[in-house]
Amino acid sequence: IAGFYSGHDPLELRFWLASATMALGNAAEAALGAWLLRRSATFPRLFDSLWGAFRFVTVVLAASAVSAAVGTASLGAWAIAPQPLLETVAWTWWLGDVCGGLLLTPFALAWADRATEPTTKGALGSYLALACVLIAVCLGIFVAGGNVDLERLATYLVFPILAYAAYRHGLRGASMATLVVAAFAI
């Protein structure tokens, strides 16, 4: 894809080699992150304590650096990205991986753990109501447009809903609500 957009032939060997190197870097990131998290005494209940959450964030920051470093190095080594832009590429890559890790991993861990919360009809109805309210507020804030000053103030309307989601539904509700808000904001 990089070759296509840069006006080069994407079938050149260097693009394939760079892609393979990036894939190895991404796999190394996932493997390192999983290994470090599994070494935690609280795994899979990482978010039951402040120390567990801090350890999780630290692991995401470190593991994301592996992928960003390998990916950026491969783009530089195969002359796909210009040398002056490699620092920007590395920071952007790292930030994207960190955001993805901080948003998606808690969601996946919370919903994969069946012991976290029973999914009764009442709980499912509450999740649905929460999602509908959150989507309506996000549509009003991020999609409707209009007065910039009003939008800036309205942005804070999501915080009471996020707090309610965390209070009422724990990690499952908080991770789901955060993912919905991030999807609209991004």
Side-chain angles (χ1 to χ4, degrees), residues 18-76 86-120 123-124 126-128 130-131 133-135 137-138 141-142 155-186:
S19 296
T21 307
M22 285 186 259
L24 288 173
N26 288 333
E29 172 190 9
L32 176 65
W35 180 74
L36 289 172
L37 287 178
R38 289 188 183 275
R39 289 192 56 207
S40 170
T42 59
F43 185 82
R45 310 215 23 105
L46 290 168
F47 305 104
D48 286 351
S49 69
L50 186 58
W51 177 248
F54 174 75
R55 176 176 244 167
F56 166 72
V57 170
T58 304
V59 166
V60 169
L61 294 173
S64 296
V66 171
S67 176
V70 171
T72 303
S74 71
L75 290 175
L86 289 180
E87 184 179 347
T88 302
V89 168
W91 280 112
T92 304
W93 195 312
W94 178 77
L95 184 60
D97 281 3
V98 167
C99 289
L102 293 177
L103 285 170
L104 295 174
T105 306
F107 180 80
L109 289 176
W111 287 90
D113 185 13
R114 296 206 180 268
T116 304
E117 180 179 328
T119 52
T120 63
L124 291 177
S126 182
Y127 280 120
L128 184 61
L130 173 65
V133 168
L134 195 56
I135 288 171
V137 169
C138 286
I141 294 170
F142 298 113
T155 303
Y156 294 101
L157 288 176
V158 298
F159 290 112
I161 300 169
L162 292 173
Y164 172 78
Y167 175 75
R168 171 70 175 87
H169 297 290
L171 182 60
R172 282 185 170 191
S175 62
M176 178 198 68
T178 304
L179 202 56
V180 168
V181 172
F184 277 97
I186 295 171

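Small disclaimer: the values here were computed from a predicted structure and weren't measured.
- V70 approaches T21 most closely through the heavy-atom pair CG1-O, 3.5 Å.
- Judged by distance alone, with hydrogens and angles left aside, the side-chain atoms of T178 form no donor-acceptor pair with the main-chain N or O of S175 at under 3.5 Å.
- Each of L61, V60, V59 was evaluated against V57; a single residue qualifies, L61, per the side-chain contact (heavy atoms from CB on, under 4.5 Å) test.
- Here CH2 of W93 is found 5.0 Å from CE of M22. Values are rounded to the nearest 0.5 Å.
- Between N26 atom CG and D97 atom CG the span is 6.5 Å, to the nearest 0.5 Å.
- When all heavy atoms of A63 and L32 are compared, the closest pair comes out as CA-CD2, 4.1 Å.
- A distance of 4.0 Å separates CG of L130 from CE of M176, quoted to the nearest 0.5 Å.
- Under the ring pair (Phe, Tyr, Trp, His ring centres under 6.0 Å) criterion, W94 pairs with W91, not counting sequence neighbours.
- For S126, the side-chain hydrogen bond (donor to acceptor under 3.5 Å, both in side chains) criterion is met by H169, not counting sequence neighbours.
- Of all the heavy atoms in F184 and I135, the pair that sits closest is CZ-CG2, 4.0 Å.
- Here the closest non-hydrogen pair linking G173 and A165 is O-CB, 3.6 Å.
- Contact between A110 and L171 at its shortest, heavy atoms only, is CB-CG, 3.6 Å.
- Looking at every heavy atom in both residues, T155 comes nearest to V158 through O-CG2, 3.3 Å.
- To the nearest 0.5 Å, the span separating OG1 on T58 from CG on L36 amounts to 10.0 Å.
- Applying the ring pair (Phe, Tyr, Trp, His ring centres under 6.0 Å) rule to W51 yields the partners F54; only residues at least two apart in sequence or on another chain are considered.
- Of the candidates L104, T105, V98, L102 forms a side-chain contact (heavy atoms from CB on, under 4.5 Å) with just one, namely V98.
- Interatomic distance, L162 CG to L157 CG, rounded to the nearest 0.5 Å: 11.0 Å.
- Using a 4.5 Å heavy-atom cutoff, the side chains of C99 and L95 are in contact.
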